[in-house]
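Reviewing the structure listed below.
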2 protein chains.
Amino acid sequence: MDDIDRALLALLQQDALQPYAALGAAVGLSAGAVHERVRKLRDRGVIRRTTIDIDPSAVDRGVCAFVSVDASAWMGEARDAFAAVPEVQEAHITAGSSSVLLKVRTGDNEHLQRVLRRIHEIEGISRTNATIVLETFFERPLTQPTA
Amino acid sequence: MDDIDRALLALLQQDALQPYAALGAAVGLSAGAVHERVRKLRDRGVIRRTTIDIDPSAVDRGVCAFVSVDASAWMGEARDAFAAVPEVQEAHITAGSSSVLLKVRTGDNEHLQRVLRRIHEIEGISRTNATIVLETFFERPLTQPTA
DNA sequence: GTTGAAATACGAAGGCC
DNA sequence: GGCCTTCGTATTTCAAC
């Protein structure tokens with residue numbers, strides 16, 4: 001994991017469909033060498049997958065909200081319970097007053113209301129507090145430490 | 001934007017390196033037709049880009065926190081001010097008591113502290129409140145409405 | 001949307017530093 | 001161990017239908 005690897009990661013983040021030859025030209029290596037490095041980054045799990053970034057409003061997920069959840073018990077299946085709600089994009093355990101923080105995306109406010117109701121009905125949830133996002137400045141991939 | 005387009009988006013989210021022939025087999029179309037559909041999805045901006053998903057801990061971003069920020073004035077350059085901090089991965093204006101919510105990723109707690117200090121020094125910021133993430137259940141791509 | 005052909009890129013092998 | 005070059009194969013890309 002050297003500077004060249006980091007540069008490759010940054011380039012692939014911008015456009016994962018670039019030919020290896022182009023990546024090689026950017027970092028001063030041959031296509032074959034880049035190919036080998038990227039393969040290793042995949043094997044090591046540094047690159048988890050190659051995916052597409054979709055405009056949320058184009059797939060009926062234009063509304064975003066963060067939901068604080070008080071999970072009273074030590075919900076063993078909390079992960080699965082939240083994952084079963086497709087509108088929940090992220091679920092984190094936090095160190096604050098509320099134990100779980102969700103990022104939720106829906107098509108409109110009525111849809112959000114339905115999702116909140118569904119979350120509230122999950123076993124072990126005592127309180128939910130939704131904060132609606134009015135505008136998203138940016139959501140970007142991890143910036144690379146330019147060491 | 002029909003069911004086939006949505007299916008293609010879901011398949012590309014899982015693996016954007018699949019050959020068009022494989023996508024075609026999955027949705028019952030020829031590779032050429034899939035190619036044309038994907039091109040149009042890109043042109044329309046539904047697919048914003050093809051990128052890689054990086055393991056945060058592999059690039060020194062293993063610590064995650066959400067930061068509530070009170071932006072007193074009507075900071076015109078708020079977006080740029082937050083974007084200038086590379087550790088800020090997301091920035092949203094919210095409808096709650098705090099006006100801005102940031103998602104921040106750092107290498108360790110000391111690094112987080114430095115970032116918080118830097119955010120606090122931004123012109124127009126009166127108060128910050130960080131909530132540290134202890135464990136992330138999941139962060140997943142937008143789930144497709146299976147209409 | 002399909003088919004088919006040309007251009008291009010991938011992925012593996014072998015040799016070199 | 002990492003890099004370069006080469007070659008056969010698979011994929012992309014674009015034409016005509």
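Every chain is numbered from 1, with letters handed out A, B, ... down the list of sequences.
- Proximity of a side-chain donor or acceptor of A:Thr106 to a complementary backbone N or O of A:Asp108 within less than 3.5 Å is detected.
- Within a 6.0 Å radius of CD in A:Glu139, more than 12 heavy atoms belonging to other residues, nucleotides or ligands are found.
- One interatomic measurement links the two molecules: CD of B:Glu36 to C1' of C:dT2, which rounds to 12 Å at whole-angstrom precision.
- Judged as a side-chain hydrogen bond (donor to acceptor under 3.5 Å, both in side chains), and not counting sequence neighbours, the contacts of A:Arg37 are A:Asp2, A:Asp5.
- Using a 4.0 Å heavy-atom criterion, one finds that A:Ala33 contacts the sugar-phosphate atoms exclusively.
- For the pair A:Asp15 and A:Leu12, the minimum side-chain heavy-atom distance is 4.5 Å or more.
- Considering only the side chain of B:Pro19, D:dT12 comes nearest among D:dC3, C:dG1, D:dT12.
- Following rounding to the nearest Å, A:Tyr20 (OH) and D:dT5 (P) show an atom-to-atom distance of 18 Å.
- Under the 3.5 Å distance criterion, the side-chain polar atoms of B:Arg140 are matched with a main-chain donor or acceptor of A:Ala83.
- Put simply, CG on A:Asp2 is 13 Å from C1' on D:dC3, counting in whole angstrom units.
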Footprint string (nucleotides 12-17 of chain C, 5' to 3'): B base within contact, S backbone only, - free, heavy atoms under 4.0 Å: ------
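- To the nearest angstrom, C1' of D:dA10 lies 15 Å from CD of B:Gln18.
- Side-chain proximity of A:Leu29 to C:dT2, D:dC3, D:dT12: nearest is D:dC3.
- The closest side-chain heavy-atom distance from B:His92 to A:Phe66 is below 4.5 Å.
- If you take CG of A:Leu17 and C1' of D:dT11, they are 13 Å apart, rounded to a whole angstrom.
- Looking at the side chain of A:Arg37, the nearest of the listed nucleotides D:dT13, D:dG2, C:dT2 is D:dG2.
- Here the C1' atom of nucleotide D:dC14 and the NZ atom of B:Lys40 are 15 Å apart, to the nearest Å.
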